[in-house]
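Just so it is clear: chains get the letters A, B, ... in the order the sequence lines come, proteins before strands, and each one is counted from 1. Here the structure is a predicted model, which is why all the values come from computation and not from measurement.
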Amino acid sequence: MNFFNYFRSQKKKSAQVAKERLQVIVARERVHRDGPDYLPRLQEEILNVIRKYVQVDEDAVSIQLERDGDCEVLELNVTLPEHRA
Amino acid sequence: MAKIVVVTSGKGGVGKTTTSAAISTGLAQAGHRTAVVDFDVGLRNLDLIMGVERRVVYDFVNVINGDANLKQALIKDKRVEGLYVLPASQTRDKDALTTEGVEKVLNELAEEFDYIVCDSPAGIERGALMAAYFADEAIVVTNPEVSSVRDSDRILGILASKTRHAEQGKGSIPGRLLLTRYSPERVVKGEMLSVEDVQEILAVDLLGVIPESQAVLNASNAGTPVIMDENSDAGQAYQDAVARFLGEDREHRFLTVQKKGLFGRLFGS
Ligand SMILES: Nc1ncnc2c1ncn2[C@@H]1O[C@H](COP(=O)(O)OP(=O)(O)OP(=O)(O)O)[C@@H](O)[C@H]1O
Ligand SMILES: [Mg+2]
């Protein structure tokens, strides 16, 4: 593989980028839409509580509601900043 | 029983009115009595695309308010038997479409027609919600482009929760994807989302793919629904979509790059 081809193959086609971005945003919006009304507020409050102790970004908290038969599972992910020694 | 079909999209300018005109004309050509209703209050355009703009006397809101009856407001198409247009009002009053008023008019139309095609305005405000509320089925018009696909997903959410059907606990109304302004050349180059990409993201059945076509502009210039341009790619793609809508199983066309002209055919691979 020559020098130019190497770089060309590295660059993603724009349609591929579009697809990946859409998959992420659509998945996120569906959670909010299909979930209970309190979900966005719950997410915001949890974020505020965490911020009392650690400084985290806006998108550090993600909430996912999954249905498994009769059971609903609320999955909460908090990304903490890297530990500084 | 009349079937109410909403043509919707969320995003503006993706081809809803073009599609409403084509599909309603196709349904009437197939022998079904069809009314096409413009819900775009304040931005009436369906009359132009259907070529009946000079015959508008009364409109949808006049009928709702009792200023005219339905017979006076409906415009009979002169080319296709059994096809009628109900134009939108030019009023700026966005609340003119009341739920009761729309229901009354649709009920009255349902006595006369086999299909009622509702041309939705863009957005997710009152007009768009009203166009979808009483529908039995939806055609979601989407362009292969990020904001259009995202808006279509939002509309699918509305179809699942904000229609009469959904409020009666019967779930979402069936919605099918119509991908328009599709350009296989650009898909091949990786510059445009493919029909498979869009289907994968939206996860709905595909009604059809309408290619980007000069014939659409020609048709709107002339005030003739593009489906009547039987030799054009877009016209044929809409005919296929109508046939599928009516339950026929037709293969999708115009999804690959078309060879251009004699030279392409003689010397192309
Ligand atoms: N397949 C196509 N090929 C080329 N141009 C197209 C195609 N479909 C639609 N167009 C053009 O796109 C423009 C918008 O179309 P149209 O008015 O049908 O969209 P709309 O969704 O009804 O818009 P609005 O949201 O404003 O009501 C028009 O200029 C039309 O000619
Ligand atoms: Mg329109």
Assess whether atom [atom1] of [X] is packed by more than 12 heavy atoms of other residues, nucleotides or ligands within 6.0 Å.
X: A:R21; atom1: CZ; value: no
X: A:Q23; atom1: CD; value: yes
X: A:E58; atom1: CD; value: no
X: B:Q168; atom1: CD; value: yes
X: B:E125; atom1: CD; value: no

Chain B contacts, top residue of A:V17, A:L22, A:I25, A:V26 (heavy-atom pairs, under 4.5 Å):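 So the answer, after comparing A:V17, A:L22, A:I25, A:V26, is A:L22.
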Identify the heavy atoms of [X] and [Y] that sit nearest to each other, and give their distance.
X: A:R30; Y: B:D153; result: NH2-OD1, 2.6 Å
X: B:E191; Y: A:S14; result: CA-OG, 3.7 Å
X: A:A18; Y: B:L193; result: CB-CD2, 4.0 Å

Any chance you could lay out the side chain to side chain contact (heavy atoms under 4.5 Å, CB included) test for B:K189 and A:K13, step after step, and finish with the verdict? CA-CA 8 Å; B:K189 286 192 207 145; A:K13 295 282 209 272; 5.8 Å; no
Electrostatic pair A:E29:B:R154 at N-O distance under 4.0 angstrom: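 Here A:E29 pairs with B:R154 in a salt bridge, since their nearest N and O are under 4.0 Å apart.
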Under 4.5 Å between any side-chain heavy atoms of A:K19 and B:V146, yes or no?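 Side chain of A:K19 against side chain of B:V146, heavy atoms only: no contact under 4.5 Å found.
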Hey, what do you get for CD (A:E20) to CD1 (B:I201), rounding to the nearest 0.5 Å?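 Between A:E20 CD and B:I201 CD1, I get 10.0 Å after rounding to 0.5 Å.
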